[in-house]
Every structure is written in structure tokens, then in C-alpha cells.
Protein chains: 2
Amino acid sequence: MVMSSDTGVNKKDANRENILKIAQEIFSKYGYKKTTLDDIANAVRKGKSSLYYYFSSKEDLFQAVILKEVEILKRELEKVILRNTDPVEKLRDYILTKLNTYRGLANFYHALENDVTAIEFIDNIKNKYNQEEIRMIKRILIEGVRKNAFDVKDFTLVAIGITTAIKGLEMPLSAGDYGTVNLETGVDNILKILCYGIMKRN
Amino acid sequence: MVMSSDTGVNKKDANRENILKIAQEIFSKYGYKKTTLDDIANAVRKGKSSLYYYFSSKEDLFQAVILKEVEILKRELEKVILRNTDPVEKLRDYILTKLNTYRGLANFYHALENDVTAIEFIDNIKNKYNQEEIRMIKRILIEGVRKNAFDVKDFTLVAIGITTAIKGLEMPLSAGDYGTVNLETGVDNILKILCYGIMKRN
DNA sequence: TGATTTTTGGTATAATTTATTCGAAAAAAT
DNA sequence: ATTTTTTCGAATAAATTATACCAAAAATCA
């Protein structure tokens, strides 16, 4: 393969990225099963068979989309963590950012149902990510204590607790009732509860 | 057919209604093509073949859903028309109500593409309804003039103009970019423009 | 109760859709 | 001009799906 000399990215990679971006939109709208390669091919204005030049199969494309999505989420959350905000605010931002990005992933998950391999794949990612999540929450907690806002003894334990609470918030998204749930309200509710347990009383 | 004596509605009709309601949700989420009878059957917790006891075909069911949707929209709009509000407010409410209900219809339309017969069917309804719309707008205008808020010479012409403007607002919905457009803002923009042309200056 | 009507859903099938392959040709780069 | 990259039409095999039929369950009635 020969690539253009000045730009580090070649055309193929650019095309891949474009396909990925559009595929993520369509997948997240219809879910895995209901999305056809024709849908994607039409949207990127290429022949269906051209997709196989970039990805070896529908599943391969799907996994690439998910992987990219996870990367984006990770970077987004890092940003929140590094922001210089009040600890509670930071916790709230973290959860909201996560849920909002998760909303995209949710629809993938939703229309998977039978497709065992795909579910397994996603579950693997989720588990892997779970560890990272706990670490991140921990950082927020530690910072909160240092700033004299939180009073936490066992960081790991509390971090796991909060992670669990977030999972609870994710549930309705996975289940697919979008319109019904108000994310912010849900988060604030959970936050209020969490804070009463965590906050240092004066 | 023998029906229960006291209630006017029999069970079959109730089931039909239920199927209609659920089918509308699924159709409006995935569009006509991507919705399978299995989807609907599962959602109503019946066997797929049972649906044929209530509707003669997928298309039949689809048309019933649309027809019902149109009925609901019509009734909703009648209510707005009869409300005792400021004319501009009423116009705004009318348009917003229409667009919001239309959001549901939009997705049907969106995933129709090839299916010529279905498109024709919907277009027929749209045309038929268009006349009614003009009549309704006219009523709002007439009332507005009587209340000394509007200054309109040719009601029909202005009504057609407004109807056209509303179509413009519907477009992005038909095109399928939901998240992008803010209905209220769009409506208020159009309204502001419309009012400057219609309002009686003091 | 037993008879009849309503409602359900399993199974079968024919038509359609869809993911994937292959190879050749257009486009771009060298 | 030759090589490399990229595209896509056509073919296919597997899966999905709308629809038809029929028998049995459930509800209603007499």
C-alpha cells in the first residue's frame, strides 16, 4: 500500500472513518438487526460491496462502531474528570455525560435480542469498562475528600456503589423507553440520595 | 357474531384498538418496511397469525394506523381551535400541535421510500387533509380579525400562505433529522415573521 | 351442562431480503 | 504505462417475512 506523502492519514482511513460515522448513526437509530448494509451503503453513497473493502463483515463493522463509541465516551469522561468543578457538580456531570453518550449505545443493545455473539461482545466491553469506571469514580471521590466536600472511608466500596447506581440509571435506556425517562431528574434524584450518604454534615 | 350485551364495544374491537395503538408505536419508530408483523405480534403478546384475525394484511393494518392517527390529529386541532386564547397564541398552538402529532406520522413516511402504493395512500390523505387545514387556519384568521388582532383582506390567500409555511416546518421532520431541529424555535421564528405581516400596527 | 362462537397460535410456504463472494473495471497514484 | 487503490454489478445461499390454513383453546350462550 502506498499512501500520500504529506498527510499521515490516507484516503482509505478517511473513508473508513466516514463509514464508521454514518454507520453509527444508522445502527443507533435502528439497532443491529434492522440495519442493513444497503442502508449504510446508500447513506455513504457507495455500492454495498464496497463496504467489504473496508470491513470484513457486517459484524466487523458493527464492532468497529462500538469500539469507536467507547473510545469517544472514555475521552469525554476524562475531560469531565479533569475539569475544575465542585465535586458534586463533577459527579453529576460525569453521570450525565456517561448516560447521554450511552443513549447512543443503548439502541444497539436494544435490537440485538437473539444475536448471541454480538451481545457477548458488548458484554465483554461493558465488563472491561466497568473496572475503568470504578477507577474514575474513585478519583472523583478522592478529590472530593481532599476538597473537604466528601467524607468517605473505603473509596473502592463507595465507588462500586455509585457505579451500581449508574447502572440503575442505564437500565431504562437499555429497555428502550426513552421518552418516558427524564435523565436529569433521574440523575438528580440519585445524586441527592448519594449526597446525603456521602456529604460531610456541618 | 354475538357480543356482550351491556357494553357497546366487544372484545374484538378492544383488541383491535390495542393492536392499533401498539402498531402505531412500532411503525412510528421503525417505519413501515423495517417493522415486521413479528415485532407487532410480540409486542401485543399474540401469535403472528392472530393479527390476521383483526387485519387482512400488513398494509391493511398500516392504513388503519394512519387513519386513526389522522383522526386523532383532527380532533386535537379542533380542540385548539375552540380554545379561548389570544389569536397569535392560538396560531402558535395550532402549528405546534400539528407538528408534534405529525412527528409520529413522519417516521412512517420516512422509511417508505420504495413502497409506492403506501406513499400514494399517504399522499392522498395529505391532500385531502390539506383542504381542511386551510379551512381551519381561515377560522383562526377570521376570529383574529374580529378580535381586532389581525388585519387580513383575503382570508383564503393568507390561509394558504400559512399552510405553506407550516409545510416548510414539516419538511425537516419528513427528512428525518429529528434531533437537529427545535420545533418551538422554528415555529416562533415563522410566527414572528408571519405576525409582522399580519399584525395590526398601533 | 353441552353447543356455538370467538380467539389463538403452530406449522407450512412462497416471495422477498440480505449478507457475502467474485471478478472485472474505473480512478488514482506511481 | 504500470501498479495500486477503490468501486460496484451480478450471482448466490441463507435467512426473514407476509400470508394461508387448520385445529385447538377460551369465552359465550342456551
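Source: prediction; values computed, not measured. Letters A, B, ... are given to chains in the order of the sequence lines, protein chains preceding strands, and every chain is numbered from 1. Because only heavy atoms are used, hydrogens play no part in the values below, and waters and symmetry mates are left out as well, while side chains stay in.
Across C:dT8, D:dA18, D:dG9, the shortest atom-to-atom separation from the side chain of B:Lys58 is found for D:dA18. Taking every side-chain heavy atom of B:Thr36 into account, D:dA18 is the closest of C:dT8, D:dA18, D:dT7. When each of C:dA19, D:dT16, C:dT8 is scored by its nearest atom to the side-chain atoms of B:Tyr53, the top-ranked nucleotide is C:dT8. Looking at the side chain of A:Ser49, the nearest of the listed nucleotides D:dC8, C:dT8, C:dT20 is D:dC8. Considering only the side chain of A:Ser57, C:dT20 comes nearest among C:dT8, C:dT20, D:dC8.
Between B:Lys46 atom NZ and C:dT7 atom P there is a gap of 9 Å when expressed in whole angstrom units. In this structure, the CD atom of A:Glu59 is 18 Å from the P atom of C:dT18, given to the nearest Å. Atom pair A:Asp38:CG and D:dC8:C1' shows a separation of 12 Å (rounding to whole Å applied). The nearest whole Å value for the distance from the CZ atom in A:Phe55 to the C1' atom in D:dT6 is 14 Å. In this structure, A:Leu61 atom CG and C:dT18 atom P are separated by 16 Å, rounded to whole Å. The CG-C1' distance, from A:Asn42 to D:dT7, rounds to 15 Å in whole Å. If you take CZ of B:Arg45 and P of D:dA25, they are 22 Å apart, rounded to a whole angstrom. Taking atom NZ of residue B:Lys34 and atom P of nucleotide C:dT16, one finds them 18 Å apart after rounding to whole Å.
In terms of modelled atom types and a separation under 3.5 Å, the side chain of A:Ser50 and the main chain of A:Lys46 share no donor-acceptor contact. Between the A:Thr97 side chain and the A:Asp93 main chain, a donor and an acceptor come within less than 3.5 Å of each other.
Figure legend: B:Lys58 and B:Tyr32 shown as a cation-pi pair, the cationic atom lying under 6.0 angstrom from the six-membered ring centre and within 45 degrees of its axis.
Taking the nucleotide of DNA chain C with the nearest heavy atom to each of B:Asn15 and B:Lys48, the more 5' of the two is matched to B:Asn15.
Between B:Ser50 and the phosphate of C:dT7, there is no side-chain N or O to OP1/OP2 separation shorter than 4.0 Å.
Between B:Ile140 and B:Phe150 the shortest heavy-atom distance is O-CE1, 4.2 Å.
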Start with the C-alpha gap between B:Glu143 and B:Lys147, add the side-chain angles, then the distance that decides, and say whether salt bridge (Lys or Arg N to Asp or Glu O under 4.0 Å) holds. CA-CA 6 Å; B:Glu143 188 192 12; B:Lys147 283 189 173 177; 3.6 Å; yes
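Backbone-only contact: B:Tyr54 has heavy atoms under 4.0 Å from sugar-phosphate atoms and none from a base.
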